[in-house]
Q: 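This is the structure I want to talk about, given as structure tokens.
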Amino acid sequence: MSLTNREIADIFEQIAVMLEIKGEIIHRVLSYRRAGETVRDLPRDLRAIAAENGLTEIDGIGKTLAEKITEMLETGKLEFYERLKGEIPLGLVDVVRINGVGPKKAKLFWKELNITSVTELEAAARAGKLRDLAGMGEKSEKKIIEGIEALARQTGRTPLGIALPAAQAILDQLLKLPGVVEGAIAGSIRRGRPTIGDVDLLVASDDAEPIMQAFVSMDQVGRILGHGPTKSSVELLNGLQVDLRILAKERWGTALNYFTGSQAHNIRMRELALEKGLSLNEHAFSPVDASKNIIEDAPKILCNTEEKVYATVGLPWIAPELREDSGEIEAAQAEKLPNLITLADIQADLHMHTLWSDGRNSVREMAEAALERGRRYIVITDHSQYSAIANGLSAERLLEQQEEVRLVDADMRPFRVFHGVEMDIRSDGSLDYPDEVLVQLDFVIASLHMSLRQERSVITQRVLNAIQNPHVDLIGHPRGQLLPDREPADLDMDAVFAAAQKHGTALEINANPRRLDLSAEYARRAIELGIPLAIDTDAHAPEQMDLLHFGVLTARRGWVPAASVINTWPVEQFIEWTKKRGR
DNA sequence: GCCGTTTTCGGCCCGACTGTTTTCAGTCG
């Protein structure tokens, strides 16, 4: 009956599009759009916030939107939305998703040709009925057909683990071109978002056109979406969209800042600039007069570094991972930016698999691979018996494995190899080993793998059972999401956090880019509550240990300092912490 | 629709590219 955060976010975003088609003032539209985005990324259940009368304390939610949220939570419906659907066909929301079609065109097609869906639009375009409309022509009609085809191919957002290497490969090619002084991946990849819409690349050069020509001519380019002298967009053969901007080196700071975003962060930066009598764009700061018009003959301020951009608006440099307008500007102003964790802070990997269950390498091979990568200690954590499909270990085999782990540990000192397990939390809520077994291990992870779609109270209780067990040290990939498509389990995270806080149980940020679970938003909430975190690779083979940086990126997005992460600790501190926990 | 030690009303960031236009609206990021 009651709607979820995600469903409410969807409705707000649909309302924004419908209002825009209707011709509402853009700022009212943007209020709904921003509210949708905020609700989507919220690390708490709206039901819990509403119960505390805290809805209007959410940034961008005022009295009106709070009332609408309350109505949806209480009735499962929104009268305003239902009425709007009577005025503006809902199918137009999808029409606007077509590249090159915005609210004005959608309204034109609807009013002139009674088109209310993508299917109807495609039929009209193929029949040549669009070209005679005002402001349309043959080229526009063709672009719409291409846009519809691209939309059908599109599989949604791309996981960071795929996008980052793809972006790096293109950038590496660009960096080899003559005249390229500098290059960087910008956009949501640089900010470490778990999934990305398109790839944003930035290059510094004084001679942009030949570089741009080389870019749109690359082998992996399937289609050119736009091609100007300093800005181009292409669709790669694998479907990924890549945007490239080229600016002069002396503008690198403003350009990188602008192109990294987020859009919300950029808006705040530009507002701060205006307060100082400056207009900020990707090229420079320009002095403005009282009515905010650029003073043409006043000297502009160029910034070749981001540090200079931030300094010009009176702020210290802000790490890209924080640039979401989620408090980082205020923290910077108060000189209270977090001291973010870095990859170099990580001392250990507490979650990995071997040939004993579904890993591809031996205990010794995994230990040597971790040592090569600079880790100082690891925990071997194979699957427990309930995960039969992953060759999970019976209690007997688990203790057999312990002998092997002890041998490798003795051989490799001072590098340490501890013996743990990734124990299933069974569907009925029980744990997969009795306490007598758990007490013999150095470290215990408990994870959900099965029955992830159980109803909220049932699946939440499973996790609580694990957190409350004094032998369980860490909850692995707590919400069970798989990017980009598998939704997390319907856990009551307020209850999970409260229990973890009470029992001192750690929560994992699983670094595998398919997981990144906890997400940054939840990680941020966890550290605010003083809950310890661990960043682990869950490696099933040595090369997967190289994915650790994705977990660190996610932690940084969650404002996590090193001290909150147990595997940044020296081994003695780690041992002491586990001993305090009932073994 | 939100928001406020400059405001409870009147603001709310900025530019590149495209296709259709004879100077610009629409779209996108």
Side-chain angles (χ1 to χ4, degrees), chain A residues 12 15-17 19-21 23-36 38 55-69 80 95-109 130-144 146-147 186-188 196-202 208 212 216 224-234 241-247 251 254-255 257-275 278-286 288 290-294 313 325:
Chain A
F12 278 159
I15 288 173
V17 176
L19 289 178
E20 204 176 6
I21 292 170
E24 267 290 348
I25 59 159
I26 191 64
H27 297 107
R28 189 175 177 218
V29 171
L30 290 174
S31 292
Y32 278 96
R33 185 160 298 150
R34 190 163 44 219
T38 302
L55 289 176
T56 53
E57 280 160 42
I58 302 170
D59 230 18
I61 306 289
K63 190 163 168 287
T64 309
L65 289 176
E67 280 169 8
K68 289 186 164 64
I69 291 172
F80 174 66
V95 169
V96 170
R97 290 178 60 221
I98 299 164
N99 214 309
V101 180
K104 299 279 169 43
K105 291 270 173 65
K107 185 175 185 178
L108 177 76
F109 301 148
L130 301 184
R131 61 185 65 178
D132 298 326
L133 297 174
M136 292 289 295
E138 275 186 54
K139 274 191 176 174
S140 305
E141 192 176 72
K142 185 159 167 280
K143 272 193 88 166
I144 283 173
E146 285 174 2
S188 49
I196 64 122
D198 54 33
V199 172
D200 297 313
L201 299 179
L202 180 65
M212 206 48 102
V216 300
I224 300 171
L225 305 172
H227 180 191
T230 66
K231 176 181 173 180
S232 293
S233 293
V234 299
Q241 184 179 325
V242 183
D243 298 345
L244 173 66
R245 280 298 293 270
I246 305 180
L247 286 101
R251 300 169 191 272
T254 44
N257 182 241
Y258 157 76
F259 217 31
T260 297
S262 65
Q263 200 174 15
H265 179 86
N266 287 352
I267 288 171
R268 293 296 305 277
M269 289 292 287
R270 288 167 180 187
E271 285 170 357
L272 288 179
L274 282 174
E275 287 171 20
L278 298 167
S279 169
L280 170 62
N281 64 27
E282 60 266 50
H283 298 286
F285 288 95
S286 308
V288 292
S291 48
K292 295 179 185 171
N293 295 315
I294 290 174
V313 297
D325 188 23

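Proteins come first, then strands; the chains are lettered A, B, ... in the order of their sequence lines, and each starts at number 1.
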Q: Rounded to the nearest Å, what distance is computed from the CD1 atom of residue I26(A) to the P atom of nucleotide dT27(B)?
A: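 So the CD1-P distance, I26(A) to dT27(B), works out to 11 Å.
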Q: Could you check how far CG of L133(A) sits from C1' of dT21(B), rounded to whole Å?
A: 16 Å
Q: Please report, rounded to the nearest Å, how far the P atom of dT6(B) is from the CD atom of E271(A).
A: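 That distance rounds to 15 Å.
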Q: Take V96(A) and K105(A) through the side-chain contact (heavy atoms from CB on, under 4.5 Å) test and state the conclusion after the steps.
A: CA-CA 8 Å; V96(A) 170; K105(A) 291 270 173 65; over 6 Å; no
Q: Between atom OG of S233(A) and atom CG of D198(A), what is the distance when rounded to the nearest 0.5 Å?
A: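 One finds 7.5 Å between OG of S233(A) and CG of D198(A).
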Q: For the side chain of S31(A), starting at C-beta, report the closest nucleotide among dA16(B), dC14(B), dC2(B).
A: dC2(B)
Q: Would you mind reading off the distance between L272(A) atom CG and dC13(B) atom C1', rounded to a whole angstrom?
A: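 My rounded result for the distance is 12 Å.
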Q: Is any side-chain N or O of H283(A) closer than 4.0 Å to OP1 or OP2 of dA16(B)?
A: yes
Q: Starting at atom CD1 of I224(A), determine the distance to atom P of dA16(B), rounded to an integer number of angstrom.
A: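 So the CD1-P distance, I224(A) to dA16(B), works out to 20 Å.
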Q: What nucleotide, of dT27(B), dT18(B), dC13(B), holds the atom closest to the side chain of K104(A)?
A: dT27(B)
Q: Name the residue closer to the 5' end of DNA chain B, choosing between S140(A) and E275(A) according to the nucleotide with the nearest heavy atom.
A: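 The answer here is E275(A).
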Q: Could you check how far NZ of K231(A) sits from P of dC14(B), rounded to whole Å?
A: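 For the pair K231(A) NZ and dC14(B) P, the rounded distance is 16 Å.
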Q: Using 0.5 Å steps for rounding, measure from the CD atom of E282(A) to the CG atom of N257(A).
A: 11.0 Å
Q: With both distances kept under 3.5 Å, what pairs with dC28(B), Watson-Crick or G-U wobble?
A: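 dG15(B) - that is the nucleotide pairing with dC28(B), both distances being under 3.5 Å.
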Q: Which pair of non-hydrogen atoms, one from V288(A) and one from S279(A), has the smallest distance, and what is that distance?
A: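 Minimum heavy-atom separation between V288(A) and S279(A): CG1-CB, 3.6 Å.
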Q: What is the separation between atom CD1 on I25(A) and atom P on dG10(B), rounded to the nearest whole Å?
A: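 Interatomic distance, CD1 of I25(A) to P of dG10(B): 14 Å.
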Q: Take K142(A) and E146(A) through the salt bridge (Lys or Arg N to Asp or Glu O under 4.0 Å) test and state the conclusion after the steps.
A: CA-CA 6 Å; K142(A) 185 159 167 280; E146(A) 285 174 2; 3.4 Å; yes
Q: For a quick test of reading the model, state the closest non-hydrogen atom pair linking K107(A) to I21(A) and the distance between them.
A: CD-O, 3.3 Å
Q: I need the L202(A) CG to R251(A) CZ distance, nearest 0.5 Å.
A: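 The CG atom of L202(A) sits 13.0 Å away from the CZ atom of R251(A).
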Q: Picking from dA16(B), dG1(B), dG29(B), which would you name as closest to the side chain of D198(A)?
A: dG29(B)
Q: Just checking M136(A): base, sugar-phosphate only, or nothing, at a heavy-atom cut-off of under 4.0 Å?
A: sugar-phosphate
Q: Mind checking if R34(A) touches a base, just sugar-phosphate, or nothing, with heavy atoms under 4.0 Å?
A: nothing
Q: Consider the side chain of D59(A), meaning its heavy atoms from C-beta on, and name the nucleotide among dC28(B), dG1(B), dC3(B) that approaches it most closely.
A: dC3(B)
Q: Output the rounded distance in Å from CE (M212(A)) to P (dA16(B)).
A: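 That distance rounds to 12 Å.
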Q: Classify the nucleic acid contact of V101(A) as base, sugar-phosphate or nothing, counting any heavy atom under 4.0 Å across all strands shown.
A: sugar-phosphate
Q: Write down the distance separating the C1' atoms in dT8(B) and dC13(B), rounded off to the nearest Å.
A: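 Taking atom C1' in both dT8(B) and dC13(B), they lie 24 Å apart.
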Q: Between T56(A) and dC3(B), is there a contact of a side-chain N or O with OP1 or OP2 at under 4.0 Å?
A: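 Answer no for this pair, as no side-chain N or O of T56(A) is under 4.0 Å from OP1 or OP2.
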Q: Which part of the nucleic acid, if any, lies within reach of N281(A) when heavy atoms closer than 4.0 Å are counted: base, sugar-phosphate only, or nothing?
A: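 Sugar-phosphate, backbone atoms only, no base.
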Q: Among dA16(B), dC13(B), dC28(B), find the nucleotide with the atom closest to the side chain of Q263(A).
A: dC13(B)
Q: Write down the distance separating the P atoms in dG15(B) and dC9(B), rounded off to the nearest Å.
A: 32 Å
Q: Give one of base, sugar-phosphate or nothing for T230(A), where a contact means two heavy atoms less than 4.0 Å apart.
A: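 Answer is sugar-phosphate: T230(A) comes under 4.0 Å of backbone atoms only.
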Q: Rounding to the closest angstrom, what is the interatomic distance between dC12(B) and dT6(B) at atom C1'?
A: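 Rounded to whole Å, the distance is 16 Å.
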Q: Does S233(A) make a side-chain N or O approach to OP1 or OP2 of dC17(B) shorter than 4.0 Å?
A: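 For dC17(B), neither OP1 nor OP2 has a side-chain N or O of S233(A) closer than 4.0 Å.
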Q: NA contact type, E141(A), heavy-atom cut-off 4.0 Å: base, sugar-phosphate, or nothing?
A: nothing
Q: Determine the interatomic distance between C1' on dT7(B) and the same-named atom on dC2(B); round to the nearest Å.
A: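 Comparing C1' positions in dT7(B) and dC2(B) gives a spacing of 13 Å.
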Q: Out of dA16(B), dG19(B), dG1(B), which nucleotide sits closest to the side chain of R28(A)?
A: dG1(B)
Q: From the options dG1(B), dG19(B), dT27(B), select the nucleotide whose nearest atom is closest to the side chain of K68(A).
A: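 In terms of side-chain proximity for K68(A), the closest of dG1(B), dG19(B), dT27(B) is dG1(B).
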Q: With a 4.0 Å cut-off, would you call E67(A) and K63(A) a salt bridge?
A: yes
Q: So what does S279(A) hit on the nucleic acid, given a heavy-atom distance under 4.0 Å: a base, only sugar-phosphate, or nothing?
A: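 The residue S279(A) makes sugar-phosphate contact but no base contact.
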Q: With the side chain of I294(A) defined as its heavy atoms from C-beta on, choose the nearest nucleotide among dC14(B), dG15(B), dG1(B).
A: dG15(B)
Q: Under 4.0 Å, counting only non-hydrogen atoms across every strand here, what does K292(A) touch: a base, just sugar-phosphate, or nothing?
A: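 Sugar-phosphate only.
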Q: Considering heavy-atom distances to DNA chain B, does F80(A) or L278(A) have its closest nucleotide positioned more toward the 5' end?
A: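 Looking at the nearest nucleotide for each, F80(A) comes out on the 5' side.
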Q: Among the nucleotides dG1(B), dG29(B), dA16(B), which one has an atom lying closest to any side-chain atom of Y32(A)?
A: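 Of the candidates, dG1(B) comes closest.
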Q: Quote, to the nearest angstrom, the P distance that separates dC17(B) from dG10(B).
A: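 38 Å, rounded to whole Å.
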Q: Please measure how far the C1' atom in dT21(B) lies from the corresponding atom in dG26(B), and state the result in whole Å.
A: 12 Å
Q: Scan L247(A) against the nucleic acid and name what it touches under 4.0 Å (heavy atoms): base, sugar-phosphate only, or nothing.
A: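 No contact.
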Q: The side chain of P103(A) lies closest to which of these nucleotides: dT27(B), dA16(B), dC13(B)?
A: dT27(B)
